[in-house]
Amino acid sequence: MADRDNSLAPSGSATRTVPTTIDVVVIGAGFAGLYAHHKFREIGLSAFGFEAAPEVGGTWFWNRYPGARCDVESLDYSYSFSQELLDEWRWSERFATQPEILSYANHVADRFDLRREIAFDTRVIAATFDEAANRWVVRTDRGDEIRSRYLVTAVGSLSLPKAPEIAGLEDFQGRWVQTGAWPREPVDVAGKRVAVIGTGSSGIQSIPILAEQAAHLTVFQRTPNYSVPAHNGPVDPDYEAEVRADYAEHHRQNRRSKGGVPSRIATGLSAMAVSEEERRAGFEKAWQFGTFSLQGVFNDTTTNLESNAAAAAFVHDKIRAVVKDPAIAEKLIPRSYPFGTKRLCLDTNFYATFNRDDVELVDIRQTPIERITKGGIKTSEREYPFDLIVFATGFDAVTGPLLALNLKGVGGRTLRDVWKDGPQSYLGLLISGFPNLFTVNGPSSPSVLTNMLQSIEHHIDWIVECIGHMEKDGLARVEADEAAQVAWAYEVAKIADSTLFTKADSWYMGANVPGKPRVFMAYIGGFDRYVDRCEAIVQDGYTGLRFTPSGGTTSRQDRAVPAGAR
Ligand code: N01
């Protein structure tokens with residue numbers, strides 16, 4: 001949901017030719033959508049894409065709030081499919097900023113000439129499977145209707161911002177914005193009284209920058225988060241040279257890791273198997289190194305309560321050491337869930353920002369927000385005046401963007417209905433009852449627990465291989481076998497339950513959206529194991545998938561390549 005100053009008007013003047021039939025419709029032109037277009041072109045299938053934003057970039061188009069940057073190192077958060085692309089692109093910082101990542105997405109779109117098959121400023125509002133013809137019928141908010149043999153959703157996992165859930169917003173006479181749909185034109189913060197609601201990654205990244213610009217900043221915190229210093233800076237030239245010397249090996253190691261990026265400092269030991277001194281030294285090394293290594297320096301931090309408590313206590317001490325006012329430090333210390341079970345944040349000066357005289361922290365568990373008023377925010381304690389309210393309140397993650405597509409499968413069943421008790425999917429790639437639909441980074445794939453660029457490339461490669469197999473063997477239809485899907489869901493849940501992750505009220509669990517089923521939405525068995533599993537399924541002749549041979553319905557016309565759009 002965009003803020004009211006942020007509506008991106010359709011660029012109606014642009015030339016826009018949407019074909020009526022196509023091999024593949026790809027929804028979304030972020031990193032997944034772009035790569036999908038490149039791959040489908042490679043195997044000679046026609047593809048057409050829709051993108052709600054006016055340009056490519058997906059999450060990196062929308063999340064342009066101050067301080068937005070990636071929390072995966074730039075050298076890893078890059079496509080690996082093209083050696084030329086790797087050779088020609090240079091990242092300036094260890095963790096790239098949103099503008100730099102958006103330029104990268106634009107560079108890729110230009111370099112591989114990907115825009116001509118994408119209609120921008122166009123949102124898919126519904127897609128229905130026509131069983132008789134084995135076609136998806138896709139409709140958009142601009143009145144397009146297109147029929148395709150395959151439908152690929154590349155809609156992102158964190159792309160549907162949660163609506164602000166606080167009463168009275170319509171009365172507010174100042175300005176309000178959301179981090180997840182930040183306006184393109186500059187938002188005037190200088191000299192303003194600013195509120196930030198939310199202290200997840202988006203809040204934690206933006207708060208230090210907003211504090212520098214605003215006259216006064218008030219942070220409304222519901223649940224404190226664990227954050228580690230990013231130690232950002234220029235890309236280390238020695239490390240870059242090492243990676244570039246053998247990029248294929250670097251990429252191979254990424255795929256063989258648990259999260260799509262191997263830890264460079266993991267000990268492989270339980271935190272409880274070493275002395276207290278060694279444990280502290282391990283945590284300290286991870287703290288100084290940055291990235292998510294505090295979670296992985298010992299191998300049981302998110303599975304063993306004792307090890308977890310040791311990591312938590314280490315961060316608690318760090319917070320106390322940075323934040324000068326002990327009462328504020330105690331408010332910032334997370335206690336209500338195990339360390340790392342809500343997504344760990346990487347920050348630059350987050351905790352130190354609370355040492356500023358012009359920054360205030362309001363614990364809304366102690367003094368809840370009652371409503372937004374004409375002039376600001378009223379808690380149970382008092383009313384705070386504001387010129388600008390920033391909602392850093394997160395997303396309807398993973399399932400939200402898929403449900404928003406209004407998908408209708410076999411027998412006219414809607415995805416919303418099929419998923420009313422939680423998402424069901426085979427490998428996060430296919431859904432029983434929704435033939436020829438492929439979901440990139442769908443629920444029950446490793447997705448949000450990994451370096452997304454790795455997961456994206458892996459999923460698109462797998463999908464394109466599967467579709468290539470269907471083309472070669474004249475198969476008209478594929479869907480997940482229901483029993484295989486149930487077995488996969490069981491396995492995913494069993495692994496999640498063996499960790500501490502299910503103990504937190506996190507967005508991974510759907511707990512941040514009122515009424516959302518409580519299900520751990522990602523495969524946490526490791527990216528390496530997941531990749532192996534996907535490969536084994538292919539080797540075994542696509543176990544768990546049901547194919548239907550072509551009844552000769554594919555016509556030449558259906559396969560025609562469209563005249564380019566835009
Ligand atoms: O969202 P979040 P986010 N009233 O859900 C609070 C990725 N990401 O946009 O914890 C008051 O984490 C909520 O409180 P609580 C990354 O994967 C990556 O920050 O629900 N408060 C929480 O504090 C990340 O995990 C990058 O009690 C409300 C905050 O708002 C994911 O996106 C950068 C509220 C929301 O935190 C989401 O991060 C940014 C309400 N009604 C994001 N509703 C990088 O790559 C929610 N909150 C660096």
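Every number for a ligand or one of its atoms is a count from 1 in the order of the listing. Given the structure is predicted, the values throughout are model-derived calculations rather than measurements. Count residues from 1 along the sequence.
Put simply, part of Ile364 is less than 4.0 Å from ligand 1, judged by heavy atoms. At least one heavy atom of Cys70 sits closer than 4.0 Å to an atom of ligand 1.
Near Lys162, the atoms of ligand 1 lying under 4.0 angstrom from a non-hydrogen atom of the residue are 43 (N), 46 (C). Near Thr199, meaning under 4.0 Å from any of its heavy atoms, are these atoms of ligand 1: 22 (C), 23 (O), 29 (C). Under a 4.0 Å criterion applied to the non-hydrogen atoms of Ile197, ligand 1 contributes the atoms 11 (C), 21 (N).
The option from Met452, Lys342, Arg343 that lies nearest to atom 10 (O) of ligand 1, judged by heavy atoms, is Lys342. Closest heavy-atom approach to atom 20 (O) of ligand 1 among the candidates Arg365, Arg222, Arg69: Arg222. For atom 33 (C) of ligand 1, the nearest non-hydrogen atom from the set Tyr77, Phe220, Tyr65 comes from Tyr65.
Among Asp71, Asn232, Val72, Ile204, the one residue that satisfies the side-chain contact (heavy atoms from CB on, under 4.5 Å) test with Leu346 is Asp71. Residue Val187 forms a side-chain contact (heavy atoms from CB on, under 4.5 Å) with just one option from Val390, Val194, Leu388, and that option is Leu388.
No close placement of the Phe386 and Trp176 rings is indicated, their centers lying 6.0 Å or farther apart. Under the 6.0 Å cut-off for aromatic ring centres, His107 and Tyr104 do not qualify, their centroids lying 6.0 Å or more apart.
For ligand 1, the polar-atom distance check against Ala392 finds a nitrogen or oxygen pair separated by under 3.5 Å. Polar contact check, Ser202 against ligand 1: a nitrogen or oxygen pair lies under 3.5 Å apart. Residue-to-ligand polar distances keep Trp60 apart from ligand 1: every N/O pair is separated by 3.5 Å or more. For ligand 1, none of its N or O atoms has an N or O atom of Thr179 under 3.5 Å away.
The protein heavy atom nearest to atom 24 (C) of ligand 1 is Ser201 OG, 3.5 Å. In terms of protein heavy-atom proximity, atom 15 (P) of ligand 1 is nearest to Thr223 OG1, 3.4 Å. Annotation: atom 6 (C) of ligand 1 to nearest protein heavy atom, Gly198 CA, 3.7 Å. Trp507 NE1, 2.9 Å is the protein heavy atom nearest to atom 25 (O) of ligand 1. Closest protein heavy atom to atom 1 (O) of ligand 1: Gly394 CA, 3.1 Å. Atom 7 (C) of ligand 1 has Leu158 CD1, 3.6 Å as its closest protein atom, hydrogens excluded (heavy atom only). Among all non-hydrogen protein atoms, the one lying nearest atom 36 (O) of ligand 1 is Gly200 CA, 3.4 Å.
Under the 3.5 Å distance criterion, the side-chain polar atoms of Gln98 are matched with a main-chain donor or acceptor of Trp60.
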